[in-house]
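Please read all numbers here as calculations on a predicted model, not as lab measurements. Residues: numbered from 1 along the sequence shown.
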Amino acid sequence: MSQNSPSASLDPGRWKALVFIALAQLMVVLDATIVNIALPSAQQDLGISDGNRQWVITAYALAFGGLLLFGGRIADLWGRKRTFVVGLIGFALASALGGAANGEGMMLGARALQGAFGALLAPAALSLLAVMFTDAKERAKAFGIYGAIAGGGGAVGLILGGFLTEYLNWRWTFFVNIPFAIVAALGAYFVIREPAGGRNRAPLDVPGVILSTLGLVSLVYGFTRAESDGWTDPVTLGLFIGSVVLLGAFVAVEAKVKSPLLPLRVVTDRNRGGVYLSLGLAVIAMFGLFLFLTYYLQVVKGYSPVKTGFAFLPMIAGMITGSTQIGTRLMTRVPPRLLMGPGFLTAALGMLLLTQLEIGSSYAGLILPAQLLLGLGMGTAFMPAMSLATHGVQARDAGVASAMVNTSQQVGGAIGTALLNTIAASATTAYITDHAAGATTAQARQLLALRGMVEGYSAAIWWAVGILVVSATIAVTLINTGRPGASTASGADEGAEDEVKVPVIAH
C-alpha cells in the first residue's frame, strides 16, 4: 500500500469531529473533580451522613472503573460513533437526575448511572481518534489536544466547581454537563463519519464481562475502603483477595475463549503494556496531589473555592504547553520513551519542590513553579502515552485498547487517593502525638493540627516523587518503539499497523 493512499481517503471532517470528541472528554474529566467541591453543600442539603458521603464519589468510580472494558468492547461491537452518542445522551440524563436529586438514594443512583455511561463514552471517544487519525503528524496534533484535556481537565473542574458552588448552587455542577453532552452528541451525529470495516462483530464474551467487572469493582472498592477503614480491615483484605482471584480467572478465561473481551495481544505488546503501567502509576501521584493541594490551599491558607480553583491555573497552563507545544512538536521526531521518561521526571521535580511545603510557604515562590513543572512534565508525557496506547492496534481492538488506557487511569486514581491519603493521615497522627506535650493552649493546639496536616502532605508527596521516578523508569525501559512513521510498535501486533490504515475510508 502506498504511503499516500491512506491520507487521500481520510475523512475531511475529522478535525471538526475532534472538537466534539474533545468536548465529551472534557465533560467526563471535569466530572471527576467538579463534584468534590460541591460535595459539602450537597451533603448538607440532602441529609447524607458523614459515613455515606464518600459513596457520592465511590458510586461513580466503581461503575466507571468496573465497566470500562465492557464499554470498550461494546464500542467495537456496536460501532464507536453509535456508542459515543448513546454514552453522551445517557450521561446527560444521569446528570439531570443528579442535579434534581431529592435524597441520598437518588443522588447515589445518578452517580452510578453517570459512571456507567461514562464507561461507554470514554473508550469510544479515544478509539474514534485512533481510527480517524492515522497520519503520524496529524495524529500527534490530535492526541496533543486530547492529552491536554485528559491531563488538565481535572484542574478545570476545580475552578468550575468553585464558581458554580459559590455563586449558583451545587446542583449546577450536575446540570452543567447537559449542554456539554447535547452539543457533543449533535456534533458527533452530524459530523463524525466512522471508518468502514473496523467493527468486531464476534459474540460477546459474557464470562469475561462478569469476571472483569467484578474484579475491577472489587479492586477499586478495596482501595476506597482501605482509606476509610484501614488496610488490615477484614473486609478490605477480602476485597483485595477477591480481586486477585477474579482478575486471575479473567486472564485464564481470556487466554482460552475464541472471542475474548480483552484479547491478550492488546496488553502483552511490550509498548502498550509499558504505557498502561507507567500511566497508571503517574495518575496515582497526580490524584493524590490534587487532593492535598486543595486541602492545603483551603484549610491551611484559607482560600475560597474559587480562589483555590484559580490557584491551579499554572498546572493547566503547563499541561497545555507540554502537550500541544512540546509533545506534539517532538512526537514525530523522537521515540515516545524520550518524551515520556523526561516528562515524568520533570513532573517528579515539581513534586519534589512540594515536599518543602510549610504553613507559611509562598504561593509564588514554591507552589506556582512546582505546578508549572508538574504540568509541563505530565503534559509532555500524557500526549505520546495516549497515542501509543492505541498505535498499531488492530481496528477491531481499538475500543478495548482505549478502554485499557482509561482503566489504568481510573484504577490509578482510586489507588492514589487511598494510598497517599493513608500515608498522609499516619504521618499527621505521628507528628501530633510527638509534639502534643508542648501544645498547652487552644491556639497552640490549632497550630499543631495545621503543622501536622502539612507534615502529612509532605510525607505523602515524597511517595508521589518516588512513584513518578518509577513511572519514568518503566517508560524508558519497556517502551522501545521508534518515532511514529519510522517503525511500527513491536510485539504481538507488529504487522498490524496496516490493519488500522486499511479501514480509514469514509463512507
Verdict with supporting geometry, S95 and Q114, side chain to side chain donor-acceptor pair (under 3.5 Å)
CA-CA 7 Å; S95 298; Q114 276 188 313; 2.9 Å; yes
Excluding sequence neighbours, so at least two apart, what forms side chain to side chain contact (heavy atoms under 4.5 Å, CB included) with A110?
->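 Counting only residues at least two positions away or on another chain, A110 forms a side chain to side chain contact (heavy atoms under 4.5 Å, CB included) with L97.
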Exercise. Would you say the side chain of F70 lies within less than 4.5 Å of the side chain of L216, judging by non-hydrogen atoms?
Worked result: no
Examine K307 relative to Y303 and say whether NZ or CZ is less than 6.0 Å from the centre of the six-membered ring and inside a 45° cone about the ring axis.
yes
- Among all residues two or more places apart in sequence or in another chain, which pass the ring-ring contact (aromatic ring centres under 6.0 Å, His included) test with F117?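 Partners of F117 by the ring-ring contact (aromatic ring centres under 6.0 Å, His included) criterion come out as none, since no residue qualifies.
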Only residue of N169, T173, L168 satisfying side-chain contact (heavy atoms from CB on, under 4.5 Å) with R171 is N169
For E358 and Y296, the nearest pair of non-hydrogen atoms, with its separation, is O-OH, 2.7 Å
For A24 and L88 the tightest heavy-atom approach is CB-CD2, 3.7 Å
ask   = Would you call the rings of Y60 and F64 parallel, tilted or perpendicular if under 30° counts as parallel and over 60° as perpendicular?
value = parallel
Residue pairs meeting ring-ring contact (aromatic ring centres under 6.0 Å, His included), one or both in residues 93-113, sequence neighbours left out, come to none
Centroid separation F163 to Y167 less than 6.0 Å: yes
So with a 6.0 Å cut-off around CH2 of W231, is the heavy-atom count from everything else above 12?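 Atom CH2 in W231 is crowded, with more than 12 foreign heavy atoms closer than 6.0 Å.
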